[in-house]
Amino acid sequence: MKASFRGSYDANNSDGTGSIVVNAGGVNLQASVTGGTFFNGPLLNDLTLSVESPGSFVVDYIVPKKDVRFQFMNTFKINEKPLNLTYTHSVVENQTSLDGKLALNSNHKVSANYGFKSGSCKVKYNYVHGGMTTIEPCYDFAENSWDLAVSRRVDDDSVVRASYQSSTRVLGLDLRRNSSNNRSIKVSASVNLADKEKKPTIKAESIWDIEM
């Protein structure tokens, strides 16, 4: 059995999430909760129950929305290159999307997401340079906007990532570091360039993974 706990803090909000995963014959049973459940008492307002067969399907039941979300995954070969497809459907929200990722080689990947109800379509290109730097440009056809993220591995345990979203004009920078005791720490800073004050937001997050 595995348990994962996440706590975060910024100047305006503190939050926490937790999940417990039980493996039963190759199928994972998971229960996860978010901040409101921890900080406001033993409520079920943020509870999600999941059944997962890794690489095949995931079924989520979102308790507050009384919604069921299905995900089905499959992999195909195109000219000996793997194409991963994920089909997602939410019953109550009536949202359906299709995600695809094609690995051209170990350094070049192309992915796309299409929302059937909204007609939104995003295409992302992933390029790994020298095994240390990853560049990810993304274009949203519905919003006619683009995003760019660049991450750099500092050492075996630390990664620095910078990002920019043209639709919101938010510039972000974060540092994530993994420790040897199944704990990782992430510090993020962001600023909205469209804001006259351009006041930065700083957030710290810690994640613990525990084997039981």
Side-chain angles (χ1 to χ4, degrees), residues 4 6 8-10 15 17 54-55 58 71-88 95-116 118-180 182-195 197-209:
S4 177
R6 180 194 304 260
S8 63
Y9 177 81
D10 60 37
D15 199 0
T17 64
V58 180
Q71 280 192 332
F72 299 97
M73 294 82 77
N74 210 336
T75 300
F76 303 91
K77 289 285 188 177
I78 298 181
N79 293 330
E80 301 303 318
K81 303 182 188 304
L83 172 63
N84 299 317
L85 294 178
T86 301
Y87 172 87
T88 305
Q95 298 280 357
T96 303
S97 65
L98 181 65
D99 292 86
K101 180 181 292 185
L102 178 64
L104 303 176
N105 53 46
S106 59
N107 296 327
H108 301 267
K109 298 180 180 67
V110 178
S111 60
N113 169 271
Y114 180 75
F116 288 88
S118 63
S120 64
C121 180
K122 293 182 179 181
V123 177
K124 179 188 291 186
Y125 176 69
N126 179 289
Y127 169 63
V128 180
H129 179 73
M132 299 292 289
T133 303
T134 301
I135 303 172
E136 294 179 305
C138 176
Y139 186 75
D140 188 331
F141 287 89
E143 298 290 337
N144 191 26
S145 62
W146 58 271
D147 303 336
L148 177 64
V150 179
S151 58
R152 172 77 177 180
R153 182 170 295 279
V154 181
D155 52 42
D156 292 339
D157 299 318
S158 303
V159 176
V160 177
R161 183 177 184 271
S163 61
Y164 178 73
Q165 298 176 332
S166 66
S167 59
T168 58
R169 297 190 64 189
V170 172
L171 179 66
L173 179 68
D174 61 67
L175 169 66
R176 178 162 183 166
R177 180 172 179 81
N178 298 320
S179 62
S180 58
N182 295 324
R183 180 187 179 190
S184 63
I185 299 173
K186 181 179 177 181
V187 179
S188 305
S190 62
V191 60
N192 189 336
L193 300 181
D195 189 353
E197 296 183 358
K198 294 182 174 57
K199 184 178 179 180
T201 299
I202 299 176
K203 181 177 181 180
E205 186 175 80
S206 184
I207 305 170
W208 295 267
D209 292 313

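Everything numeric in this text was worked out from a predicted model, so none of it was measured. Computed from heavy atoms alone, side chains included, the values below leave out hydrogens, waters and symmetry copies.
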Worksheet entry | Tyr164 and Arg169: CA distance, side-chain angles, deciding distance, side-chain contact (heavy atoms from CB on, under 4.5 Å) verdict | CA-CA 7 Å; Tyr164 178 73; Arg169 297 190 64 189; 3.7 Å; yes
Donor-acceptor contacts, no H, no angles, side chain residues 188-195, under 3.5 Å, sequence neighbours left out:
unit_1: Asn192; atom_1: OD1; unit_2: Ala194; atom_2: N; d: 2.9
unit_1: Asp195; atom_1: OD1; unit_2: Glu197; atom_2: N; d: 3.2

Item to complete: Assess the side chains of Ser206 and Arg183: does a donor N or O sit below 3.5 Å from an acceptor N or O?
Response: yes
Which side-chain N or O atoms in residues 75-87 pair as donor and acceptor under 3.5 Å with protein atoms at least two apart or in another chain?
unit_1: Thr75; atom_1: OG1; unit_2: Asn84; atom_2: OD1; d: 2.7
unit_1: Lys81; atom_1: NZ; unit_2: Leu104; atom_2: O; d: 3.1

Practice prompt. Output the distance between atom CZ (Phe116) and atom OG (Ser97), rounded to the nearest 0.5 Å.
Written response: 8.0 Å
Worksheet item: Any side-chain heavy atom of Arg152 within less than 4.5 Å of one from Met132?
Response: yes
Worksheet entry | Partner set under side chain to side chain contact (heavy atoms under 4.5 Å, CB included) for Val58, not counting sequence neighbours | Glu52, Asp60, Gln71, Met73
Discussion item. Could you measure the distance from the CD atom of Gln95 to the OG1 atom of Thr88? Nearest 0.5 Å is fine.
Written reply: 11.0 Å
Worksheet item: Within a radius of less than 6.0 Å around NZ of Lys199, do more than 12 heavy atoms belonging to other residues, nucleotides or ligands occur?
Response: no
Worksheet entry | Residues which pass side chain to side chain contact (heavy atoms under 4.5 Å, CB included) with Ser145, listed by chain and number, not counting sequence neighbours | Asp140, Glu143, Ser166, Ser167
Worksheet item: Is any side-chain heavy atom of Val150 less than 4.5 Å from a side-chain heavy atom of Thr133?
Response: yes
Worksheet entry | Asp99 vs Asn113, side chain to side chain donor-acceptor pair (under 3.5 Å): CA-CA, chis, key distance, verdict | CA-CA 4 Å; Asp99 292 86; Asn113 169 271; 2.8 Å; yes
Response to the item:
Which of Asn178, Asp209, Asp157 passes side chain to side chain contact (heavy atoms under 4.5 Å, CB included) with Ser184? It is Asn178
Worksheet, complete the sentence: One should read off an interatomic distance between Ile185 CD1 and Arg176 CZ, to the nearest 0.5 angstrom, of 10.5 Å
Fill in: Closest non-hydrogen atom pair, Ser151 against Val159
CB-CG1, 4.1 Å
Worksheet item: Atom CG of Asp174 and atom OG of Ser163: how far apart are they, to the nearest 0.5 Å?
Response: 7.0 Å
Compile the donor-acceptor pairs under 3.5 Å between side chains in residues 119-128 and protein atoms, sequence neighbours left out, one pair per line.
unit_1: Ser120; atom_1: OG; unit_2: Ser118; atom_2: OG; d: 3.1
unit_1: Tyr125; atom_1: OH; unit_2: His108; atom_2: ND1; d: 2.4
unit_1: Asn126; atom_1: ND2; unit_2: Glu136; atom_2: OE2; d: 2.9
unit_1: Tyr127; atom_1: OH; unit_2: His129; atom_2: ND1; d: 3.0

Discussion item. Using the side-chain hydrogen bond (donor to acceptor under 3.5 Å, both in side chains) criterion, which residues pair with Asp155? Sequence neighbours excluded.
Written reply: Ser158
